[in-house]
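Below you'll find the structure, written out as structure tokens, and then a few comments.
A, B, ... follow the sequence lines: proteins, then strands. Residue 1 opens every chain.
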Protein chains: 2
Amino acid sequence: MRILVIEDETKVGCFIKRALEEESYAVDLCEDGAKGLQMALNTNYDLLIVDLMLPSLPGLEILKGVRQARIQTPILILTAQSQVDQRVKGLDAGADDYLTKPFAIDELLARIRALLRRGSTESPGVLQIDDLALNPATREVTRGGQRIDLTLKEYALLEYLMRHTERVLTRPMISEHVWNQDFDTFTNVIDVYVNYLRNKIDRGRSKKLIHTIRGSGYMLKAD
Amino acid sequence: MRILVIEDETKVGCFIKRALEEESYAVDLCEDGAKGLQMALNTNYDLLIVDLMLPSLPGLEILKGVRQARIQTPILILTAQSQVDQRVKGLDAGADDYLTKPFAIDELLARIRALLRRGSTESPGVLQIDDLALNPATREVTRGGQRIDLTLKEYALLEYLMRHTERVLTRPMISEHVWNQDFDTFTNVIDVYVNYLRNKIDRGRSKKLIHTIRGSGYMLKAD
DNA sequence: GTCTTCAATGACTAGGATACGCATAGTTGT
DNA sequence: ACAACTATGCGTATCCTAGTCATTGAAGAC
């Protein structure tokens, strides 16, 4: 899950970025409004977090810009306590939720989960394919009831796969959402990590879940 | 456990804050009603303490505001002796308990413990994981029947962990609820205290309860 | 139609760099 | 003296690179 944070206060921005990264989201931080809008338009993020108090470009303009471009990405706006009218305008301009500063990081994470969930087929909290289950809250992964330990990157990759099952996921897509990289690095990191995942998830099982689509990418599927 | 106190009398407010902090709660004090309501809405506290006699905004409005926002946080109201009707209205408006001024601080602490207990899944007063037990009323911690002495911060950290077992608790989450810090301090205090706790709780035992989730945070779990 | 060849693609492995968390010692403040 | 916190060095899990090995599928030979 890739998230863009547009926030001019460096301290707050860094804090959010770190917190999200610990939840294994891929995070881009932008401290400039105009630049942020460009990034939002060029990259397909899964979520935008926008501070409405920005120096160069009013946050509202970012919202309008994004929505005019027919981009449906959920947007969460941050406002100061006093800016009640701003908040209303923000929701009118297409924001999906808001949070007033200062806020608790728990609250932010909860709302992010809610927004991402809403976007993707109302998932019931725990993702499941066949006998493979992934619980984002506890970050616990099991197959056939048996616990599987994953590293951060392995987990991030699996979560992305599980949120988009039965669909071919190309390397650039995976690279963007899991590694937060816009351009091809000409490495084989993805292959390596798919291999790691296979070892932990499919090895020794008759029913394989991770399939490679030669020439295209990978797919998670029960068949 | 993070508590918000909304109380306009500076003297009383500071007194409560100090007393609570000595019990190792993380406390925010707010002397203005409107501001307090905002804080209650923005941050997810574990408990609210509200004086019903406030200058800017009647305490009752705060209750209504909070409950309208579907926030279930337990609320304790403070009233003067004469304000019997206020008290009733307060309970009707969603308060969970009340206390009349002047009150004994012990009384306040006891009621707070009761409310926190009730809030968290009807626990039987004493938190327990495996053979580790924590009694919030007496602040007594035992493992295998053996008493364990903890400092204020150690205790606060353990209580937070024990109220959220089997879930990955990230550093920012811990920082907020135990240290009452909204932003990252870029120090390793948390690591150090986890280490202290481990020395007192897990050292020398075969079954470890404190687990680190590399790259994410910590988790208290019996497995 | 079957077999062989070969280039492209992916699977797998090993090892170095890095970042993370642990431990311990040191500092501050009550 | 004790608790709270900071600073630092160290070991290691994790991440990534780079290289080799296996598989695939299409083109050409028979």
Side-chain angles (χ1 to χ4, degrees), chain A residues 14 17-19 21-24 26-27 139 141 148-158 160-161 168-172 174-175 178-181 183-204 208-220, chain B residues 18 21-27 139 141 148-158 160-161 168-172 174-175 178-181 183-204 208-220:
Chain A
C14 287
K17 183 169 154 73
R18 277 198 53 183
E21 280 172 346
E22 286 188 353
E23 296 283 316
S24 75
V27 183
R139 195 158 311 179
V141 176
I148 297 174
D149 276 328
L150 300 179
T151 71
L152 257 195
K153 273 278 138 70
E154 288 166 359
Y155 175 86
L157 174 59
L158 181 62
Y160 180 63
L161 293 178
V168 180
L169 301 173
T170 66
R171 267 165 254 265
I174 295 173
S175 181
V178 179
W179 269 264
N180 205 16
Q181 255 152 194
F183 302 107
D184 204 330
T185 52
F186 301 104
T187 75
N188 65 338
V189 220
I190 295 173
D191 303 46
V192 170
Y193 271 84
V194 168
N195 186 38
Y196 287 163
L197 267 189
R198 279 211 245 245
N199 283 340
K200 294 190 176 179
I201 285 171
D202 276 346
R203 167 152 297 179
K208 310 295 184 194
L209 296 179
I210 303 176
H211 306 269
T212 104
I213 313 303
R214 189 161 231 270
S216 301
Y218 297 96
M219 181 157 86
L220 201 64
Chain B
R18 277 197 51 185
E21 279 172 346
E22 282 182 2
E23 294 286 314
S24 74
Y25 297 113
V27 183
R139 316 182 89 250
V141 176
I148 296 173
D149 276 329
L150 299 178
T151 71
L152 266 188
K153 274 279 136 74
E154 287 166 359
Y155 175 85
L157 174 58
L158 181 62
Y160 180 63
L161 293 178
V168 180
L169 302 173
T170 66
R171 268 164 253 263
I174 295 172
S175 181
V178 179
W179 270 264
N180 205 18
Q181 249 153 178
F183 299 106
D184 206 326
T185 53
F186 299 103
T187 75
N188 65 338
V189 220
I190 295 173
D191 303 46
V192 170
Y193 271 84
V194 168
N195 188 35
Y196 289 163
L197 267 188
R198 277 210 246 247
N199 283 341
K200 294 190 176 179
I201 285 171
D202 276 346
R203 167 151 297 180
K208 310 295 183 194
L209 297 179
I210 303 176
H211 305 269
T212 105
I213 314 300
R214 192 164 224 271
S216 300
Y218 296 96
M219 182 155 88
L220 201 65

In this structure, how many angstroms lie between the P atom of D/dT14 and the CD atom of A/Glu22, rounded?
15 Å
Using only side-chain N and O atoms of B/Arg171, determine if any of them is under 4.0 Å from OP1 or OP2 of C/dG21.
yes
Nearest to the side chain of A/Thr212, heavy atoms from C-beta on, is which of C/dG10, D/dT17, D/dC15?
C/dG10
Value in whole Å for how far the C1' atom of D/dA13 lies from CG of A/Asp149
12 Å
Could you check B/Leu161 against B/Leu209 for side-chain contact (heavy atoms from CB on, under 4.5 Å), going step by step and ending with a plain yes or no?
CA-CA 10 Å; B/Leu161 293 178; B/Leu209 297 179; over 6 Å; no
Take atom CD1 of B/Ile213 and atom C1' of C/dC22, then tell me their distance rounded to the nearest Å.
16 Å
Scan B/Val192 against the nucleic acid and name what it touches under 4.0 Å (heavy atoms): base, sugar-phosphate only, or nothing.
base
Rounding to a whole Å, what distance do you find between A/Leu150:CG and D/dC15:P?
10 Å
Rounded to whole angstrom units, what separation is found between the CD atom of A/Glu154 and the C1' atom of D/dC15?
10 Å
Drop me the distance from B/Glu154's CD to B/Leu157's CG, to the nearest 0.5 angstrom.
8.5 Å
Nearest-angstrom distance from the residue atom NE2 of B/His211 to P of D/dA13
17 Å
A/Leu152 has its side chain closest, among D/dC15, D/dA18, D/dC5, to D/dC15
D/dA4 C1' sits how many Å from B/Ile190 CD1, rounded?
14 Å
Please confirm whether the shortest side-chain N or O distance from A/Thr187 to OP1 or OP2 of D/dC16 is below 4.0 Å.
no
Minimum-distance nucleotide to A/Arg214 side chain [options: C/dG21, D/dT24, D/dA4]
D/dT24
Value rounded to 0.5 Å, distance of CG in A/Leu197 from CD1 in A/Ile190
12.0 Å
OP1 or OP2 of C/dC22 less than 4.0 angstrom from a side-chain nitrogen or oxygen of B/Tyr218, does that happen here?
yes
Between D/dC16, C/dT9, D/dC5, which nucleotide gets closest to the side-chain atoms of A/Trp179?
D/dC16
Is there a donor-acceptor contact under 3.5 Å from the side chain of B/Asn180 to the main chain of B/Val27?
yes
Taking the nucleotide of DNA chain D with the closest heavy atom to each, which residue, A/Asn188 or B/Lys153, is nearer the 5' end?
B/Lys153
What is the distance, rounded to the nearest whole Å, between atom CG of A/Leu157 and atom P of D/dC15?
11 Å
Any side-chain donor-acceptor pair under 3.5 Å between B/Arg139 and B/Ser24?
yes
For the base of C/dC12, is there a side-chain donor-acceptor partner from A/Tyr196 under 3.5 Å away?
no
Which part of the nucleic acid does A/Asn195 contact within heavy-atom distance under 4.0 Å: base, sugar-phosphate only, or nothing?
base
